[in-house]
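Notes to accompany the following structure.
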Amino acid sequence: MWKDFKEFAFKGNVLDLAVAVVIGAAFGKIVSSLVENIITPLIGILVGGIDFTGLKLTVGKAEVTYGIFLQHVFDFLIIAFAIFMVLRLLTKLKREKEEEVVEEPEEELNVQEELLREIRDLLKEQKSN
């Protein structure tokens with residue numbers, strides 16, 4: 001059982017996943033800081049300092065703080081958009097890198113292959129006429 005666990009735990013995919021989780025957590029902190037410290041205050045200035053977190057509905061002794069929920073939805077949308085933009089940038093860079101790869105020149109055909117291609121082309125011409 002220990003051997004099977006070691007095989008599973010130390011496979012490349014599991015280690016890659018672990019690295020992705022750690023990097024994702026760090027990226028999440030960066031994006032959360034971006035939202036809380038830069039974007040939200042700027043949007044607050046643009047919309048006149050509206051803060052959703054203070055919105056609440058009181059029913060009897062119960063308090064429904066729907067403003068906090070709205071703020072979390074807003075934060076989620078900003079975080080999702082930021083991740084989308086980063087992934088889009090990475091995809092674009094990857095695509096550009098793939099385009100830079102020089103296409104391999106066509107391998108030279110030997111005499112037999114060249115003759116077979118010529119015969120094929122002649123047969124296609126005869127069929128079309």
Side-chain angles (χ1 to χ4, degrees):
M1 187 167 124
W2 179 249
K3 181 182 174 188
D4 291 339
F5 177 74
K6 278 177 35 180
E7 272 183 37
F8 169 76
F10 295 110
K11 277 186 180 178
N13 294 340
V14 174
L15 292 176
D16 292 344
L17 180 61
V19 169
V21 168
V22 171
I23 290 175
F27 183 72
K29 289 180 182 179
I30 291 170
V31 173
S32 295
S33 177
L34 174 71
V35 169
E36 292 173 15
N37 301 318
I38 297 173
I39 295 175
T40 302
L42 290 175
I43 291 176
I45 291 169
L46 293 175
V47 295
I50 295 175
D51 182 17
F52 296 127
T53 56
L55 300 175
K56 60 184 171 184
L57 175 66
T58 305
V59 180
K61 293 182 180 182
E63 248 184 25
V64 179
T65 54
Y66 67 93
I68 295 173
F69 172 73
L70 290 176
Q71 188 66 45
H72 287 297
V73 169
F74 181 70
D75 292 348
F76 168 77
L77 292 174
I78 293 172
I79 290 169
F81 181 73
I83 291 172
F84 168 75
M85 293 304 290
V86 168
L87 289 176
R88 187 171 180 217
L89 176 67
L90 291 175
T91 303
K92 185 178 179 181
L93 292 174
K94 183 178 177 183
R95 227 180 277 142
E96 288 176 2
K97 186 177 180 181
E98 288 174 357
E99 288 174 3
E100 287 178 5
V101 174
V102 179
E103 291 183 26
E104 295 179 18
E106 230 180 273
E107 61 184 58
E108 292 184 29
L109 300 175
N110 63 29
V111 177
Q112 288 177 340
E113 290 174 343
E114 187 63 39
L115 288 172
L116 286 172
R117 281 193 178 186
E118 288 178 17
I119 292 169
R120 179 196 64 200
D121 294 341
L122 288 170
L123 288 172
K124 281 183 183 178
E125 283 181 27
Q126 286 178 356
K127 270 189 177 182
S128 65
N129 290 334

Grouping ILVMFWY residues whenever side-chain heavy atoms fall under 4.5 Å, the cluster of Ile23 otherwise contains Val19
Are Val59 and Leu70 linked, directly or through other ILVMFWY residues, by side chains that come within less than 4.5 angstrom of each other? yes
Partners passing side-chain hydrogen bond (donor to acceptor under 3.5 Å, both in side chains) against Asp121 (at least two apart in sequence or in another chain): none
So salt bridge (charged side-chain N to carboxylate O under 4.0 Å, His left out) across residues 76-90, not counting sequence neighbours, yields none
Kindly write out the residues that satisfy salt bridge (Lys or Arg N to Asp or Glu O under 4.0 Å) with Glu118, not counting sequence neighbours, or none if the list is empty. none
Can you name the residues that form a side chain to side chain contact (heavy atoms under 4.5 Å, CB included) with Thr65, not counting sequence neighbours? Lys56, Glu63, Ile68
Mark yes or no for whether Ser33, through its side chain, and Ile30, through its backbone, hold a donor-acceptor pair below 3.5 Å. no
Who are the side chain to side chain contact (heavy atoms under 4.5 Å, CB included) partners of Arg120, not counting sequence neighbours? Arg117, Lys124
Through direct or indirect side-chain contacts below 4.5 angstrom among Ile, Leu, Val, Met, Phe, Trp and Tyr, which residues connect to Leu93? Leu89
How does the hydrophobic cluster around Phe81 look, that is, which other residues are in it when side-chain heavy atoms under 4.5 Å mark a link? Phe84, Met85
Taken in chain and number order and not counting sequence neighbours, the residues that satisfy side chain to side chain contact (heavy atoms under 4.5 Å, CB included) with Phe69 are Val73
ILVMFWY clustering at 4.5 Å (side-chain atoms), partners of Ile119: Leu123
